[in-house]
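All figures in this text were calculated on a predicted structure; none of them were measured in a lab. One-based numbering, in listed order, for ligands and for the atoms of each.
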Amino acid sequence: MLNRAKELQVKLTGYRHDFHTFPEVGFQEFRTSTKVAEILSALDCRVQHNVGKTGVVGELGQGLPIVAIRADMDALPLQEDNQTSYKSQKPGVMHACGHDAHIAILLGVAELLSKEEEFPGTVRFLFQPAEEVGDDEGMSGAPRMIQDGAMGGGVEMVIALHVSAHVPVGQIQIGAGPSSGGVDTFRASIIGMGGHGARPHETVDPIYLSAHVLLALHGIVSRRLNPYDPAVVSIGSIHAGNAENIIPNQVDILGTLRYTQHKVQEQIHAEIKKSFEVAKCLGGDYTLKFEIGSPPMINNEKVVNLIKQTAIDLIGSENVHPPQDGLGAEDFGCFSEMAPGAMFYLGSMVEGDEREHHNSRFDVDDQCLPFGVAILAETALRFLRNGGFL
Ligand SMILES: [Zn+2]
Ligand SMILES: [Zn+2]
């Protein structure tokens, strides 16, 4: 399978460079999804358009079981600083997370599987929009696709990969358990009563109140949670006032929280609320709203074992490693809540020049593409031919 994937190298590189040249941000993937649908149709896939707004679903094979493979398609609002022949032609938009590689790889998987003689069951290709952003209602691409039925019909396994700039080409990282954090956002205002900077005793100074609230917020993880429960509470934005001698009416605060277990999520919500109650004790008030984001991504042990064994057979056990822990967000967790699932990290490091994700100089070594194709395609085939998990 790896040799067959390597024969596709030129084509895969071509796909990636094309998507890289014309990047589109979340829920704007119009050109991208049109291209994807064209290529899938040419491979005799059954194709469904506009699944989760700008998503595309392709299918090969018939009946049960169903294996789903997901690739996210969106770029980031970032100006590219690379000077490659395929650099972004769209000012202020760039594929800086490697989703261009994910699309190219999944198209390669579809091509290889379309040439298989016969396999029992169905392979479903989920080309997902908007992994990086939510829409007006705060929903990203994965839950939107699920809403439109992308996981319907009895999907028994869902798999995906993400390129990693920190892992050398030819290697992967995979492990069971939580592999990304659940993420929620909170928006709050601390409400006081503004007035003259020289007469603070006649005001309720919300900036003073916010100092106490911030201290309480930053004590949640260090003083209130079990140290064995991974979690983060971070304040990313705080705004108030616009003159040195005017005490403002309110302070606006934006923050994010991360967790790996739902009971910890509930606990953090309660503790954040308590932290804002401090403003009331000191004579002010507050408003607080949570936006529930992606759930944590929990890699299923059986799926991990299947991917791991497949990868060991294809690239050798010396190239299959456990992942580094992190609480980054990834909405693949929505799919893997619906069916046993796992995502692995595919080494895509540009040798001698590490390119950070979400950085204006991010890039991918195209030699990684066939490795991703081979591991995903072979994992799906083994699952179907085994008639499920061994
Ligand atoms: Zn990203
Ligand atoms: Zn990403």
Side-chain angles (χ1 to χ4, degrees), residues 15-16 19-20 23-29 32-33 36 52 54-55 69-82 88 90 92-107 126-135 138-145 158-167 172-174 178-183 185 232 234 236 256 258 293-297 299 323-336 341-350 354-366 368-369 371-372 376:
Y15 287 153
R16 185 182 82 86
F19 293 120
H20 192 92
E24 294 170 305
V25 296
F27 292 123
Q28 304 293 315
E29 303 92 338
T32 307
S33 53
V36 164
T54 41
I69 315 176
R70 175 271 212 166
D72 41 9
M73 304 191 289
D74 54 328
L76 287 157
L78 188 70
Q79 178 65 40
E80 176 156 13
D81 279 331
N82 291 316
S88 169
K90 214 183 247 179
V93 183
M94 174 189 178
H95 268 294
C97 200
H99 300 182
D100 48 350
H102 302 169
I103 312 168
I105 287 169
L106 194 50
L107 289 171
L126 306 173
F127 287 90
Q128 184 208 304
E131 194 284 319
E132 305 274 6
V133 291
D135 56 19
M139 278 171 85
S140 62
R144 283 290 179 215
M145 284 192 88
V158 58
I159 55 176
L161 58 75
H162 202 299
V163 293
S164 171
H166 306 286
V167 181
I172 69 159
Q173 291 183 341
I174 184 161
S179 95
S180 82
V183 55
T185 301
V232 174
S234 286
T256 184
R258 308 292 164 106
S294 304
M297 187 172 81
N299 277 345
Q324 278 167 351
D325 294 332
L327 289 176
E330 168 60 69
D331 75 354
F332 179 72
C334 298
F335 292 119
S336 61
M343 169 184 273
F344 66 93
Y345 295 99
L346 176 72
S348 67
M349 185 194 286
V350 178
E354 210 165 294
R355 312 290 186 93
E356 193 53 55
H357 293 260
H358 291 213
N359 182 289
S360 59
R361 290 199 62 241
F362 177 80
D363 205 359
V364 163
D365 183 334
D366 289 302
C368 78
L369 303 173
F371 289 98
L376 287 176

Ion pair present between Arg70 and Glu330, side-chain N to carboxylate O less than 4.0 angstrom?
yes
Does any N, O or S atom of His99, backbone or side chain, fall under 2.8 Å from the Zn ion (ligand 2)?
yes
Can a donor-acceptor pair be found, under 3.5 Å and without considering hydrogens, that links the side chain of His95 to the backbone of Pro23?
no
Can you tell me how far CG of Asp72 sits from CD of Gln128, rounded to the nearest 0.5 angstrom?
5.5 Å
Atom name, His162 (N, O or S, nearest to the Zn ion (ligand 2))
NE2
I'd like to know if the side chain of Ser348 reaches the main chain of Ser164, judged simply by a donor and an acceptor atom lying under 3.5 Å from each other, with no hydrogens or angles considered.
yes
Presence of N, O or S from His357 under 2.8 Å of the Zn ion (ligand 2)
no
So that I can check it, does any N, O or S atom in Glu132 come closer than 2.8 Å to the Zn ion (ligand 1)?
yes
Would Asp363 and Arg16 count as a salt bridge (Lys or Arg N to Asp or Glu O under 4.0 Å) if you check the C-alpha gap in whole Å, the side-chain angles of each, and the deciding distance to 0.1 Å?
CA-CA 11 Å; Asp363 205 359; Arg16 185 182 82 86; 3.1 Å; yes
Opening angle between NE2 in His358 and SG in Cys97, taken at the Zn ion (ligand 1), to 10 degrees:
110°
